There are 2 protein chains.
Amino acid sequence: DIVERLCATQEQPLLGQHWVITAGPTREAIDPVRYISNHSSGKMGYAIAAQAVAAGASVSLISGPVNLAPPQGCELIAVESAQQMHQAALTLAPKANVFVACAAVADYRLAKVADQKMKKTPGQDELTLTLVKNPDIVADVAKLADKPFTVGFAAETQDVEQYAKDKLARKGLDLIAANNVAIEGQGFNSDQNALTVYSANNAFDLPLGNKSAVAKQLIEIIARHFDES
Amino acid sequence: DIVERLCATQEQPLLGQHWVITAGPTREAIDPVRYISNHSSGKMGYAIAAQAVAAGASVSLISGPVNLAPPQGCELIAVESAQQMHQAALTLAPKANVFVACAAVADYRLAKVADQKMKKTPGQDELTLTLVKNPDIVADVAKLADKPFTVGFAAETQDVEQYAKDKLARKGLDLIAANNVAIEGQGFNSDQNALTVYSANNAFDLPLGNKSAVAKQLIEIIARHFDES
């Protein structure tokens with residue numbers, strides 16, 4: 001009835017939308033036991049996924065290795081490496097309305113992964129690892145002919161605003177959410193975060209709060225810009 | 001009274017002993033957000049610590065970053081890097097009776113850790129990381145004038161017995177526990193493990209079982225050899 005529909009409209013503004021969200025770190029294998037990774041906990045991406053579900057969206061969450069329970073009502077696609085995440089993202093993004101690239105994807109992977117555990121060579125005190133560039137997931141999604149509304153993240157330790165605005169323009173994103181991970185108590189592995197969201201012409205400050213609250217505000221900004229796009 | 005003492009003797013054979021146990025992986029920083037690590041979950045080391053406490057030992061557990069609750073009754077020393085673990089181990093080991101090096105310590109660390117998050121350089125498709133050798137914790141403990149009874153681990157993906165026996169002799173260990181981490185369902189991140197324990201002249205097979213049961217058997221072998229040493 002009409003009351004139900006009104007409630008749905010008010011409480012589930014994303015009903016009928018498909019969101020694809022990436023979260024967590026990636027792991028780039030060195031050999032069967034060693035890898036390169038980063039300090040991303042996945043908490044921000046999981047909070048965005050949970051809030052998007054709560055707002056009525058159908059959510060696909062592409063997640064690197066984290067220690068978090070997947071939010072109820074999500075489709076979880078578990079991946080390890082940047083290449084695996086790239087493949088999953090490029091498969092799902094063309095049919096999505098919104099793509100949120102929250103994962104901390106490794107920029108580089110090993111040029112060659114060793115089949116067996118690498119052994120220390122007696123007398124060899126140095127070891128050189130040669131890395132090659134990984135595909136740029138969010139840039140490749142933004143280049144799609146049928147691109148979804150595309151939101152990037154910039155986790156930086158310095159010159160945050162400059163890097164974020166540059167990344168927004170260079171990669172053809174619709175929005176970018178920037179945070180300074182060098183500040184204690186926000187960003188990686190924290191339960192709190194503070195973001196500044198940039199569009200081509202505007203900036204929106206989401207002050208320090210728990211990641212659920214910040215995720216809810218971020219989703220409202222995304223939804224407003226998506227509706228206007 | 002005598003009954004209490006008998007019970008204590010039977011159930012807590014390690015009463016009065018101080019065991020130092022290392023567990024988990026180490027993390028070697030590349031920059032403020034990236035690091036090199038390995039797939040060690042810490043489960044085996046934590047199981048050994050829990051069983052040693054249950055057997056009456058006073059236990060110091062030096063642990064790299066893991067997602068496990070510390071066993072009750074342990075002193076937990078949380079570290080990140082191999083250098084931090086080395087420092088903690090060399091501080092505690094001289095006063096210990098038994099040292100069990102179960103951690104999967106990074107053989108190499110970055111020659112230079114970047115102060116700020118490394119940025120991709122446009123046009124630069126390759127990146128070279130130069131690594132230098134980390135200190136060898138278990139070898140340095142075994143070299144101490146007042147060395148504890150020293151037990152190493154060898155987690156290998158091939159030629160397990162040969163590597164283990166070589167490591168035992170080369171590093172001056174009293175025992176070494178070897179496992180093949182290439183076999184699915186045992187070793188890293190599994191709840192089960194199978195070990196072969198080598199002394200200079202003997203080998204003891206601990207068949208596949210949950211890590212608590214394997215830890216209990218391992219402790220019995222260590223305790224017997226320690227008593228005879």
Side-chain angles (χ1 to χ4, degrees), chain A residues 25-41 65-68 80 104 106-111 114-134 136 139 154-160 163 166-167 170 180-183 187-189, chain B residues 25-41 65-68 80 104 106-111 114-134 136 139 154-160 163 166-167 170 180-183 187-189:
Chain A
T26 65
R27 281 185 187 165
E28 308 301 321
I30 298 173
D31 66 19
V33 301
R34 303 179 177 95
Y35 59 82
I36 294 178
S37 192
N38 64 66
H39 291 290
S40 170
S41 63
V66 297
N67 290 286
L68 297 172
E80 287 259 332
D107 291 330
Y108 293 90
R109 69 177 179 278
L110 273 287
D115 287 339
Q116 299 291 343
K117 185 181 170 190
M118 290 165 65
K119 305 300 298 176
K120 276 190 284 193
T121 311
Q124 188 193 318
D125 287 338
E126 275 199 6
L127 181 71
T128 302
L129 298 181
T130 304
L131 311 182
V132 295
K133 256 189 196 162
N134 268 324
D136 189 327
E156 304 294 344
T157 58
Q158 60 181 348
D159 302 332
V160 178
Y163 279 129
D166 173 63
K167 195 169 172 179
R170 187 165 35 86
N180 188 335
V181 291
I183 300 174
F188 286 170
N189 214 21
Chain B
T26 64
R27 281 184 187 167
E28 308 301 321
I30 299 173
D31 66 19
V33 301
R34 302 178 177 96
Y35 59 82
I36 294 178
S37 192
N38 63 66
H39 291 290
S40 170
S41 64
V66 297
N67 289 286
L68 297 172
E80 287 259 333
D107 290 330
Y108 293 89
R109 68 177 181 277
L110 274 285
D115 287 340
Q116 299 291 345
K117 185 181 169 189
M118 291 165 64
K119 306 298 298 176
K120 275 188 287 193
T121 311
Q124 188 193 318
D125 288 337
E126 275 198 9
L127 180 71
T128 300
L129 299 181
T130 304
L131 311 182
V132 295
K133 256 188 195 163
N134 267 324
D136 189 325
E156 304 295 343
T157 58
Q158 61 182 347
D159 301 331
V160 177
Y163 279 129
D166 173 64
K167 195 169 171 179
R170 186 165 34 86
N180 188 336
V181 291
I183 299 173
F188 287 170
N189 214 21

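Heavy atoms only: backbone and side chains are in, while hydrogens, waters and symmetry mates are out. Labels below follow one simple rule: chain letters A, B, ... track the order of the sequence lines, proteins then strands, and each chain is numbered from 1. Please read these numbers as outputs of a predicted model, since none were measured by experiment.
- The backbone N or O of A:Asp115 lies less than 3.5 Å from no partner atom in the side chain of A:Asp31, so there is not a single donor-acceptor pair.
- Interface residue A:Asp136: only side-chain heavy atoms are found under 4.5 Å from chain B.
- If you tally non-hydrogen atom pairs under 4.5 Å between each of A:Glu126, A:Gln116, A:Lys117 and chain B, the highest count goes to A:Gln116.
- Residues B:Glu28 and B:Tyr108 fail the side-chain proximity criterion, which asks for heavy atoms closer than 4.5 Å.
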Audit row: B:Arg109, B:Asn134, side chain to side chain donor-acceptor pair (under 3.5 Å) steps and yes/no: CA-CA 6 Å; B:Arg109 68 177 181 277; B:Asn134 267 324; 3.0 Å; yes
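- A heavy-atom distance below 4.5 Å is found between the side chains of A:Ile36 and A:Ile30.
- Counting heavy-atom pairs closer than 4.5 Å to chain A, the top-ranked of the candidates B:Thr130, B:Asn67, B:Val132 is B:Asn67.
- Looking only at distances, no side-chain donor or acceptor of B:Arg34 sits under 3.5 Å from a matching main-chain atom of A:Ala106.
- Residue contact with chain A, scored on non-hydrogen atoms closer than 4.5 Å, is absent for B:Asp159.
- For B:Asp125, the parts lying under 4.5 angstrom from a heavy atom of chain A are both the backbone and the side chain.
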